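Structure record follows, encoded as structure tokens.
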Number of protein chains: 2
Amino acid sequence: MNEQEKLLNARDRFIDSMAKNMSLYGITHSVGRLYGLLYFNEKPMTLDEMKDELGMSKTSMSTAVRQLQELNMVEKVWKKGERKDLYQAADDWYDSFTALFTTSWRTGISLNMSTINRSLKELHNLRDNPETPDEVRASVKLDIEKYQYALDYYDWLNRFVDSLESKEIFNYIPKKE
Amino acid sequence: MNEQEKLLNARDRFIDSMAKNMSLYGITHSVGRLYGLLYFNEKPMTLDEMKDELGMSKTSMSTAVRQLQELNMVEKVWKKGERKDLYQAADDWYDSFTALFTTSWRTGISLNMSTINRSLKELHNLRDNPETPDEVRASVKLDIEKYQYALDYYDWLNRFVDSLESKEIFNYIPKKE
DNA sequence: TAGTTCGTAAAGTTTTAACTGTACGAATTT
DNA sequence: AAATTCGTACAGTTAAAACTTTACGAACTA
């Protein structure tokens with residue numbers, strides 16, 4: 001194995017490890033590998049270059065690259081006189097990390113909260129309705145507490161996401177050791 | 001729809017919303033629904049009760065409940081004179097949240113870091129080896145920087161997980177608003 | 001110790017997600 | 001405006017995950 005091969009071999013090993021890790025965040029292994037390729041490639045790449053390098057279809061590259069764009073992990077680059085689209089890896093991993101959670105979590109949180117609020121409203125009606133049998137009312141009261149707890153939790157989660165989005169988290173946990 | 005039905009209806013709606021949300025964390029919809037069932041059930045439940053309630057197989061309940069146990073979201077309860085195992089939802093969602101990430105992320109982080117360190121060592125050798133061609137050495141130097149960046153990032157992530165595990169995060173983002 | 005019951009491993013089935021090939025509109029070139 | 005190139009929607013295929021059925025060991029019961 002010559003020097004060049006050793007270099008590429010080391011890269012490949014790390015890219016694979018990284019891609020495996022990314023599956024924890026819901027990113028496919030193939031998509032992770034594509035990110036790794038772009039991360040190490042000095043120049044922005046076209047879809048055709050990616051597909052040749054990874055031995056996959058151009059369609060897969062197209063969808064994978066869009067996924068990565070939506071996660072703010074890859075950005076499109078313009079170069080004059082170039083007809084093809086060029087893509088490069090976003091260089092700030094901290095940005096990518098925070099973006100990943102803010103985008104995917106926000107909608108879930110607010111959806112959950114509005115569901116809770118809707119249910120809570122109905123339960124308050126049940127509780128205050130004199131026609132509600134006493135044993136049902138007891139259950140209603142217990143449920144209300146549980147909804148309230150959930151609501152508090154989602155509020156906390158929301159503030160947690162806030163601290164990621166606003167980069168405030170880096171005041172608490174600084175980047176450089 | 002009578003009062004009892006209204007109560008169960010509201011529950012069901014929320015459980016479903018919660019289960020959908022959990023899929024963001026890699027938890028199946030069915031497993032999420034099981035958690036919801038246990039969360040609202042006042043008493044701990046047996047596998048048979050769960051399977052009847054959700055209309056699924058007992059085996060599915062067994063594996064699902066174990067998954068939830070591993071995530072610290074469900075705990076086994078002992079009751080004298082009871083042959084069957086009893087399970088109940090863990091009441092502290094903040095604990096569950098932090099446990100979820102600490103357990104799944106830790107291994108990934110350390111795996112990645114050791115891969116990087118191994119690659120870095122090889123690259124340092126390449127860089128210092130006089131036989132390495134100059135243009136390869138240039139690439140090696142670029143790669144070393146990228147590994148170093150990744151290493152810093154994983155170090156940060158590690159400290160981030162630390163702050164979750166040690167509950168220090170709640171100093172920064174307090175539970176009660 | 002023979003008969004039950006409970007929990008889970010293993011194999012089989014169904015459902016879901018990833019990936020590919022074809023086809024086509026938009027942009028570009030001649 | 002005809003021909004070419006590029007990116008992506010869509011339909012089909014393949015791979016993976018979720019779920020079920022069967023089967024069996026361990027613990028309990030009589």
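Proteins come first, then strands; the chains are lettered A, B, ... in the order of their sequence lines, and each starts at number 1. Because the structure is predicted, anything quoted here is derived from the model rather than measured.
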Starting from [atom2] on [N], measure out to [atom1] on [X] and report it in whole angstrom.
| X | N | atom1 | atom2 | answer |
| --- | --- | --- | --- | --- |
| B/Y87 | C/dC6 | OH | C1' | 10 Å |
| B/K84 | C/dT4 | NZ | P | 17 Å |
| B/K58 | D/dA23 | NZ | P | 16 Å |
| A/W78 | D/dC6 | CH2 | P | 14 Å |
| A/Q67 | D/dG7 | CD | C1' | 17 Å |
| B/M61 | C/dA9 | CE | P | 16 Å |
| A/E70 | D/dT8 | CD | P | 11 Å |

Do NZ/NE/NH1/NH2 and the carboxylate oxygens of B/R106 and B/D162 come within less than 4.0 Å?
-> yes
Going by an N to O cut-off under 4.0 Å, is there a salt bridge joining A/R33 and A/D16?
-> yes
Residues touching DNA chain C, which here means a heavy atom under 4.0 Å, drawn from residues 26-57 of chain A | A/T28, A/S30, A/M56, A/S57
For the pair B/W156 and A/Y94, name the ring-plane relationship: parallel under 30°, tilted 30 to 60°, perpendicular over 60°.
-> perpendicular
B/Y39 and A/Y149 aromatic ring geometry - parallel, tilted or perpendicular at 30°/60° bounds | tilted
Please check if the distance between the ring centroids of A/Y154 and A/W105 is under 6.0 Å.
-> no
Is the distance between the ring centroids of A/F160 and B/F97 under 6.0 Å?
-> yes
Given side-chain contact (heavy atoms from CB on, under 4.5 Å), test A/L120 with A/Q148 step by step and report yes or no.
-> CA-CA 8 Å; A/L120 259 183; A/Q148 196 55 56; 4.0 Å; yes
On DNA chain D, check which nucleotide each of A/R66 and A/R83 is closest to and give me the residue with the more 5' one.
-> A/R83
With the side chain of B/T59 defined as its heavy atoms from C-beta on, choose the nearest nucleotide among D/dC10, C/dC6, C/dA9.
-> C/dA9
Taking the side chain from A/S119 and the backbone from A/I116, do they hold a donor-acceptor pair closer than 3.5 Å?
-> no
Give a yes or no answer on whether the side chain of A/E5 reaches the backbone of A/N2 with a donor-acceptor pair at less than 3.5 Å.
-> yes
Would you say a side-chain N or O of B/S60 is under 4.0 Å from OP1 or OP2 of D/dT20?
-> yes
Counting just side-chain N and O atoms, does A/S62 come under 4.0 Å of either OP1 or OP2 of D/dT8?
-> yes
Which angle, rounded to 10°, do you find between the first-five-pair axis and the last-five-pair axis of the helix from C/dT1-D/dA30 to C/dT30-D/dA1?
-> 10°
